[in-house]
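Data block below; observations after.
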Amino acid sequence: MKKVWVIAFLLMFGFIFSMFLTVNASNNTLVTIDFPMINEEATDSIFIRGWIMSKEDNVGVEIYIDGVKVDEEIDRHERTDVINAIKGYGDELINPTPGYQTNVNISSYSYGKHNVSVRAVKDGNVLASETRDFYKKTPSTMISIDIPSSNEKLTNDEMT
């Protein structure tokens, strides 16, 4: 009976270990969004920044808001902090500019909840992606009434 339990345990351990290796081997790319923060509020523009690390070379970045690709130019730049911290996903030779950032005009978007999606792409294929929600809020407003002031009474002739 002990042999059956030992064999069952070894088979289960082998199955779990092989699943881990399969998942690890197929995940060659990491995408992270630093900004916007989760549920960040914005009014006229949204700053999008993060990094992509990949075992693949020449990985591009695409940014979408509410499923629509953003046309703004995306700045790719060095991130030695990321290259030093994230081991096993490329280096300065394979991925010299893991950082990305852009500022997107959202003045034409409706108020409320939206999402930004960043995709790591190569040869038209999405290698990895991350999505983050943000909110477009109404701008702060202030109303000032010039006339009448302090309980002043006006006639109809004076108001026109």
Side-chain angles (χ1 to χ4, degrees), residues 5 8-146:
W5 283 107
F9 175 77
L10 290 175
L11 287 173
M12 189 167 49
F13 180 78
F15 176 75
I16 292 170
F17 185 72
S18 68
M19 290 279 290
F20 175 77
L21 288 178
T22 302
V23 170
N24 240 3
S26 65
N27 188 8
N28 293 330
T29 304
L30 299 174
V31 175
T32 296
I33 299 173
D34 295 332
F35 295 100
M37 307 276 287
I38 296 171
N39 296 325
E40 183 173 318
E41 294 181 339
T43 52
D44 292 330
S45 67
I46 188 84
F47 179 62
I48 302 168
R49 178 181 179 206
W51 52 266
I52 295 174
M53 287 296 288
S54 181
K55 294 177 184 177
E56 305 282 334
D57 59 349
N58 299 319
V59 173
V61 60
E62 294 178 349
I63 298 175
Y64 293 78
I65 295 183
D66 297 336
V68 178
K69 189 174 179 181
V70 170
D71 289 333
E72 276 80 355
E73 183 176 330
I74 301 168
D75 172 37
R76 296 296 303 265
H77 54 276
E78 292 179 7
R79 288 283 304 264
T80 53
D81 61 326
V82 173
I83 291 172
N84 290 334
I86 310 299
K87 299 297 181 192
Y89 285 89
D91 54 23
E92 291 91 349
L93 298 175
I94 293 174
N95 193 10
T97 56
Y100 65 84
Q101 70 182 38
T102 189
N103 206 20
V104 179
N105 181 342
I106 59 168
S107 60
S108 64
Y109 288 72
S110 62
Y111 298 121
K113 184 178 179 179
H114 299 276
N115 66 62
V116 59
S117 178
V118 176
R119 300 175 185 173
V121 295
K122 182 171 182 176
D123 300 328
N125 297 314
V126 177
L127 303 176
S129 68
E130 184 175 352
T131 301
R132 172 100 23 109
D133 289 336
F134 70 93
Y135 290 86
K136 181 177 178 190
K137 68 176 189 167
T138 57
S140 301
T141 57
M142 188 167 89
I143 297 175
S144 177
I145 299 174
D146 295 332

[X] (side chain) donor-acceptor with [Y] (main chain) under 3.5 angstrom:
X	Y	result
K122	N58	no
K136	S107	yes
R76	G99	yes
E130	I33	yes
N103	S45	no

Atom pair [atom1]/[atom2] of [X] and [Y] - distance to nearest 0.5 Å:
X	Y	atom1	atom2	result
R132	I38	CZ	CD1	5.0 Å
T80	H77	OG1	NE2	10.0 Å
E41	I46	CD	CD1	10.0 Å
I86	I52	CD1	CD1	13.0 Å

Exercise: identify the closest heavy-atom pair between [X] and [Y]:
X	Y	answer
I74	T102	CA-CB, 4.3 Å
R79	D34	NH1-OD2, 3.3 Å
N95	S54	ND2-N, 3.6 Å
I65	I106	CD1-CG2, 4.2 Å
Y64	K69	CD2-N, 3.2 Å
E56	L127	CG-CD1, 4.1 Å

Between [Y] and [X], is there a side-chain heavy-atom distance shorter than 4.5 Å?
X	Y	answer
M53	T32	no
V118	I48	yes
Y89	I94	no

Next on the checklist: Around atom CG of D71, are there more than 12 heavy atoms from other residues, nucleotides or ligands closer than 6.0 Å?
Outcome noted: no
Item to check | side chain to side chain contact (heavy atoms under 4.5 Å, CB included) evaluation trace for E72 with N105 | outcome: CA-CA 9 Å; E72 276 80 355; N105 181 342; 4.3 Å; yes
Checklist entry - What pairs with E40 under side-chain hydrogen bond (donor to acceptor under 3.5 Å, both in side chains), at least two apart in sequence or on another chain? => result none
Item to check | Test side-chain hydrogen bond (donor to acceptor under 3.5 Å, both in side chains) applied to N115 - qualifying residues, sequence neighbours left out | outcome: none
Next on the checklist: Y135: which residues meet the ring-ring contact (aromatic ring centres under 6.0 Å, His included) condition with it, sequence neighbours left out?
Outcome noted: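 For Y135, no residue satisfies ring-ring contact (aromatic ring centres under 6.0 Å, His included) once neighbours in sequence are set aside.
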Item to check | Whether H114 and Y109 hold their rings parallel, tilted or perpendicular, with breakpoints at 30° and 60° | outcome: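 Taking Y109 first and then H114, their aromatic rings stand perpendicular (interplane angle over 60°).
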